[in-house]
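Below: the structure, in structure tokens.
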Amino acid sequence: MPRDTLTADRIVRAAIELLDDEGLDGLNMRSLAKRLDSAATAVYWHIKTKDDLVRLAGDAIWQEVELPDLDATDWRTAATAHASSMHAMLTRHPWLVQAFGSHLLHGAGQARNNDLSLAIYEKAGFVAADADRAAATVFTFVLGSALGPAAQVSLNRRLSKNGVDAERLLTEAMTRATETAMRFPRLRERLDTTAATGYAAAPDNTFVFGLQSLLDGFEARLTAARAGRRE
């Protein structure tokens with residue numbers, strides 16, 4: 001593909017696909033150029049470094065997060081929808097979770113979501129500084145909740161690339177982890193009661209439970225603050 005038929009947008013879209021398939025470690029200009037049926041030098045003409053490519057790809061997928069209409073809904077419904085959409089996006093693109101720890105990420109897509117987060121918690125009734133804290137708390141929770149699935153994807157990919165039987169290794173690791181857990185009473189109780197179905201360290205609906213608990217706490221703080229102002 002001649003250089004002049006490439007665009008930065010096409011390169012970024014291809015990079016996102018490559019990152020979804022291969023992760024951060026699998027992204028390089030040669031592999032990307034092959035996917036684009038181009039030469040690596042043509043890619044460099046548009047995007048100079050791998051770091052720039054990760055930053056642009058990371059910012060592009062923030063556009064997938066749905067932004068609720070604050071004029072049409074209450075703050076708590078908006079907060080739930082926005083956090084859930086962020087979590088879904090991070091689960092679809094687990095490499096972005098890892099990129100937060102290894103790359104400088106910024107751009108209009110991320111800024112658009114940050115601005116919406118602040119608007120949600122200002123609408124709830126927080127003053128500016130507390131709206132910042134609330135938005136940061138929810139984002140930290142969302143990012144942490146997506147870390148487990150992202151780590152699992154990365155581990156499976158690494159084991160498979162090393163030519164080992166990933167399923168066998170994971171089964172053996174789970175067996176050893178279970179043997180260790182049986183020494184501790186609360187873990188043993190859960191393992192005994194879920195022997196047929198398997199015990200999950202993060203049971204179903206953990207994300208929903210955690211998010212609603214956070215929002216319950218925010219609501220309680222706001223209610224207490226309003227009561228204090230009336231006294």
Side-chain angles (χ1 to χ4, degrees), residues 1-67 83-115 117 136 139-174 202 207:
M1 182 180 299
R3 184 184 68 196
D4 60 2
T5 66
L6 286 179
T7 65
D9 286 344
R10 288 194 61 206
I11 293 169
V12 168
R13 288 197 300 271
I16 292 170
E17 293 174 0
L18 181 57
L19 285 161
D20 288 346
D21 291 342
E22 303 292 338
L24 283 175
D25 292 340
L27 177 66
N28 58 70
M29 293 303 194
R30 182 175 298 178
S31 296
L32 181 59
K34 183 177 180 180
R35 186 170 288 241
L36 288 162
D37 191 26
S38 180
T41 52
V43 175
Y44 279 117
W45 180 264
H46 294 275
I47 299 174
K48 302 303 182 185
T49 69
K50 178 179 174 179
D51 284 347
D52 286 341
L53 189 56
V54 171
R55 176 178 57 78
L56 291 168
D59 196 58
I61 59 177
W62 276 103
Q63 300 294 336
E64 298 177 13
V65 178
E66 297 178 14
L67 302 187
S84 299
S85 189
M86 283 196 293
H87 186 261
M89 181 273 286
L90 291 169
T91 301
R92 286 192 300 271
H93 306 289
W95 53 270
L96 183 59
V97 178
Q98 297 169 313
F100 276 107
S102 57
H103 291 75
L104 297 172
L105 300 177
H106 58 86
Q110 186 174 346
R112 165 177 164 266
N113 277 271
N114 292 344
D115 189 74
S117 290
F139 177 67
T140 300
F141 170 73
V142 170
L143 189 62
S145 296
L147 182 59
Q152 189 65 54
V153 168
S154 179
L155 176 62
N156 291 342
R157 184 182 290 123
R158 182 175 66 81
L159 292 176
S160 298
K161 282 186 176 181
N162 289 341
V164 300
D165 185 342
E167 185 173 350
R168 178 181 60 81
L169 285 180
L170 290 172
T171 299
E172 291 175 354
M174 285 300 299
F207 174 74

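The number of heavy-atom neighbours closer than 6.0 Å to CD of Q63, taken from other residues, nucleotides and ligands shown, is above 12.
Checking side-chain atoms of H46 against main-chain N and O of L6 turns up a donor-acceptor pair under 3.5 Å. Formation of a donor-acceptor pair under 3.5 Å by the D59 side chain with backbone atoms of A108 is found in this model. A donor-acceptor pair under 3.5 Å links the side-chain atoms of S85 to the main chain of E66, judged by distance alone. Between the S31 side chain and the L27 main chain, no donor and acceptor come within less than 3.5 Å of each other.
In this structure, the side chains of L53 and V43 stay at 4.5 Å or more apart for every pair of heavy atoms. Looking at heavy atoms from C-beta onward, V12 lies in side-chain contact with I47 at the 4.5 angstrom threshold. Side chains of V65 and R112 form no contact here, defined as non-hydrogen atoms less than 4.5 Å apart. In this structure the side chain of T49 never reaches within 4.5 angstrom of the side chain of Y44, judged on heavy atoms.
Distance check, rounded to the nearest 0.5 Å: NZ of K48 to CE of M29 gives 10.0 Å. The CG atom of D20 sits 10.0 Å away from the CG atom of L96 when rounded to the nearest 0.5 Å. The structure places CG of L147 at 10.5 Å from CG of L90, a figure rounded to the nearest 0.5 Å. Atom CG of residue L19 and atom CH2 of residue W95 lie 5.0 Å apart, to the nearest 0.5 angstrom. Distance CZ/R13 to CG/L56: 13.0 Å, rounded to 0.5 Å. Here H87 contributes atom NE2 and L143 contributes atom CG; the two are 9.5 Å apart, rounded to the nearest 0.5 Å.
Closest approach of A57 and I16 over heavy atoms only: CB-CG1, 3.8 Å. Across every non-hydrogen atom of K50 and L24, the tightest pair is NZ-O, 3.3 Å. In this structure, A33 and A39 approach most closely via the heavy-atom pair CB-C, 3.7 Å. Among all heavy-atom pairs drawn from I11 and L32, the shortest one is CG2-CD2, 3.7 Å.
Between F100 and W62, the ring planes are perpendicular. Angles over 60° get that label, and only those under 30° would be called parallel.
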I'd like to know whether H103 forms a side chain to side chain donor-acceptor pair (under 3.5 Å) with Q98, so could you lay out the CA-CA distance, the side-chain angles of the two residues, the decisive distance to 0.1 Å, and finally the verdict. CA-CA 9 Å; H103 291 75; Q98 297 169 313; over 6 Å; no
For N28 and L18, run side-chain contact (heavy atoms from CB on, under 4.5 Å): C-alpha distance rounded to whole Å, both residues' side-chain angles, the deciding distance at 0.1 Å, then the answer. CA-CA 9 Å; N28 58 70; L18 181 57; over 6 Å; no
